[in-house]
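Notes follow the structure.
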Amino acid sequence: MSSRRTRLLQAVTPLGWGVAGCAAALLGAGYGLGWAELTAIGWAAAVLVVGALAHLLGQSGHHITLTLPVDRVVAGERVPGAVDVHNPTGRRLAAVTVQVPVGAGVAEFPMPSLAARAGINEVFVVPAERRGIIPIGPVHTVRADPVGLVRLETVLAQRIDLYVHPRTIAIPSMSQGFVRDLEGQPTRDLTASDVAFHALREYQSGDERRSIHWKSTAKTGRLMVRQYEQTRRSHLLVALSLATGDFADDEEFELAVSAAGSLGIRAIRDARTVSVLASSRQLSTLTPTRLLDDLSGVDLTPDADGVRALSRRAAAAVDGLSVAFLLCGSATPLAALRASAAGFPLGVEVVAVVCEPGARPGLRRAGGLSLLTIGFLDDLQHSLARGAAA
């Protein structure tokens, strides 16, 4: 009984306590001074408070279920949701208002008094216009008076997170087109032990004895050793800047997120070794869905690593890189991109993908990196489909 009384007292809003205090003060002053006007106003305020408390009478034992047909969609879609309100008791339940928080908004449904074992189903629509993670719920019932003197909330259903994935596009397999050209160029790095045989040469001080080719040594009378071409590594890096200063506006950033998702998904489906970084955060590449879930939650941050710091971090943390894609906006200076490319080890092909909505697509060399400009997501598909020399 004490807990119920405490809960009812907590349901009184600050406005309710203010009106109750004014009623008491007016009644005291009216009777004490003999002012009929003050007494009448005091009783009116008291009746208003009592009437508000009457909205809390009755039982509240609703069972509410929140459902969504899917919990992952692509930006631009609309998702229907359903709230099923049921009275599991054997008595009639009082009328309530059901509220469903949807992101920063609230979907509200007035529910009439429910008879025993009765139920009502309400449908609402979640506009998933932009990429992100939209929290839906927890659903709660509200019993309140029209003036706002009392408000009693009861949480009755779970919260569901709706992942709004960035829009992605199917790009060519990494075994063909631009990426293949970058990785397929014969390496000129020679080593004493690898797979691809290159040539024989005379033994030099410091060479390993296991590299000696004894048949050639017997024929020439001089010690000859095998020389190999170093095998090209095959590890793809997709690095997305989250620094506010690298993008002119949010539209550029959304294009960059979509490009990063498209590259990462293609590499995962090709069973390539791939790492996806979003400034200082490494995203999951276990499955395309896990990657898109992580990309749903990234956002611009003023103090995030820009492309230069991001490239240094990636070069130190990721081993065996063959191609590195740096995704940024038009606000990133060319000098910063060149410095970023210089931070990677020799032999790593660096491609800066500059996202500028509406810009004319282009691919050119700038110092030690390839500079790929895209104005639409489709431009990424067309550019990667071409060879490096195109």
Side-chain angles (χ1 to χ4, degrees), residues 131 133 166 168 174 179 182-183 189 232-248 250 252-268 272-288 290-356 365-374 380 384:
R131 176 191 57 83
I133 302 175
T168 57
M174 297 296 182
V179 176
L182 290 177
E183 290 188 324
D189 300 330
R232 172 69 65 177
R233 295 158 297 180
S234 183
H235 189 154
L236 191 74
L237 169 70
V238 179
L240 171 66
S241 172
L242 302 183
T244 305
D246 284 337
F247 298 90
D250 289 340
E252 286 191 357
F253 179 65
E254 292 303 321
L255 180 58
V257 174
S258 293
S262 300
L263 290 168
I265 290 173
R266 180 72 269 174
I268 294 171
R272 296 284 297 269
T273 302
V274 58
S275 298
V276 180
L277 299 180
S279 286
S280 59
R281 177 185 172 191
Q282 183 158 359
L283 308 186
S284 173
T285 56
L286 187 62
T287 64
R290 292 282 296 275
L291 172 61
L292 291 175
D293 283 351
D294 283 354
L295 284 173
S296 296
V298 301
D299 207 350
L300 288 173
T301 308
D303 56 352
D305 288 344
V307 289
R308 294 188 65 175
L310 177 58
S311 62
R312 288 196 300 268
R313 181 187 299 273
V318 183
D319 296 327
L321 286 178
S322 54
V323 179
F325 285 94
L326 303 179
L327 291 110
C328 58
S330 61
T332 308
L334 180 58
L337 294 175
R338 286 176 172 169
S340 300
F344 286 95
L346 292 175
V348 178
E349 294 289 344
V350 181
V351 183
V353 183
V354 180
C355 301
E356 186 179 358
R365 293 289 297 181
L369 82 158
S370 300
L371 192 64
L372 175 61
T373 301
I374 60 173
L380 181 67
L384 294 183

Output a table of donor-acceptor pairs, distance under 3.5 Å, between side-chain atoms of residues 298-305 and any protein atom two or more places apart or on a different chain; print 'none' if there are none.
from, atom 1, to, atom 2, distance (Å)
Thr301, OG1, Asp299, O, 3.4
Asp305, OD2, Arg313, NE, 3.1
Asp305, OD2, Arg313, NH2, 2.9

Should Val238 and Leu327 be marked as a side-chain contact (heavy atoms from CB on, under 4.5 Å) after you check the CA-CA gap, both sets of side-chain angles, and the distance that decides it? CA-CA 8 Å; Val238 179; Leu327 291 110; 3.4 Å; yes
Residue pair Leu371, Leu334: steps toward the side-chain contact (heavy atoms from CB on, under 4.5 Å) verdict: CA-CA 9 Å; Leu371 192 64; Leu334 180 58; 4.0 Å; yes
Verdict with supporting geometry, Ile133 and Asp293, side-chain contact (heavy atoms from CB on, under 4.5 Å): CA-CA 9 Å; Ile133 302 175; Asp293 283 351; over 6 Å; no
With side-chain contact (heavy atoms from CB on, under 4.5 Å) as the test, would you mind laying out the steps for Leu263 and Val274 before giving the verdict? CA-CA 10 Å; Leu263 290 168; Val274 58; over 6 Å; no
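Closest approach of Ala256 and Phe247 over heavy atoms only: CB-CE2, 3.7 Å. Of all heavy-atom pairs spanning Val307 and Cys328, the tightest one is CG1-CB, 3.8 Å. Taking every heavy atom of both residues into account, Thr168 and Gly261 meet most closely at CG2-C, 3.9 Å. Taking each heavy atom of Leu295 and Arg131 in turn, the nearest pair found is O-NH1, 2.9 Å. The heavy-atom pair separating Arg272 from Ser322 by the smallest distance is NH2-OG, 4.4 Å.
The number of heavy atoms from other shown groups lying within 6.0 Å of CZ (Arg281) is above 12.
Residues Val354 and Leu337 are in side-chain contact: their nearest non-hydrogen atoms beyond the backbone lie under 4.5 Å apart. Side-chain contact check for Phe253 versus Leu242: some heavy-atom pair is nearer than 4.5 Å. Residues Ile265 and Leu292 have side chains in contact (heavy-atom distance under 4.5 Å, counting atoms from C-beta outward). Counting heavy atoms from C-beta on, the side chains of Glu254 and Pro166 never come closer than 4.5 Å.
Note that the CG atom of Leu310 and the OG atom of Ser279 stand 5.5 Å from one another [nearest 0.5 Å]. We find the CG-OG1 distance between Leu236 and Thr273 to be 9.5 Å, quoted to the nearest 0.5 Å. The CD1 atom of Ile268 sits 8.0 Å away from atom CG of Leu286, with the distance rounded to the nearest 0.5 Å.
For residues 331-345, every residue pair satisfying the side chain to side chain donor-acceptor pair (under 3.5 Å) rule, not counting sequence neighbours, is listed here: Asp246-Thr332.
A donor atom on one side chain and an acceptor atom on the other are found under 3.5 Å apart for Glu252 and Ser330.
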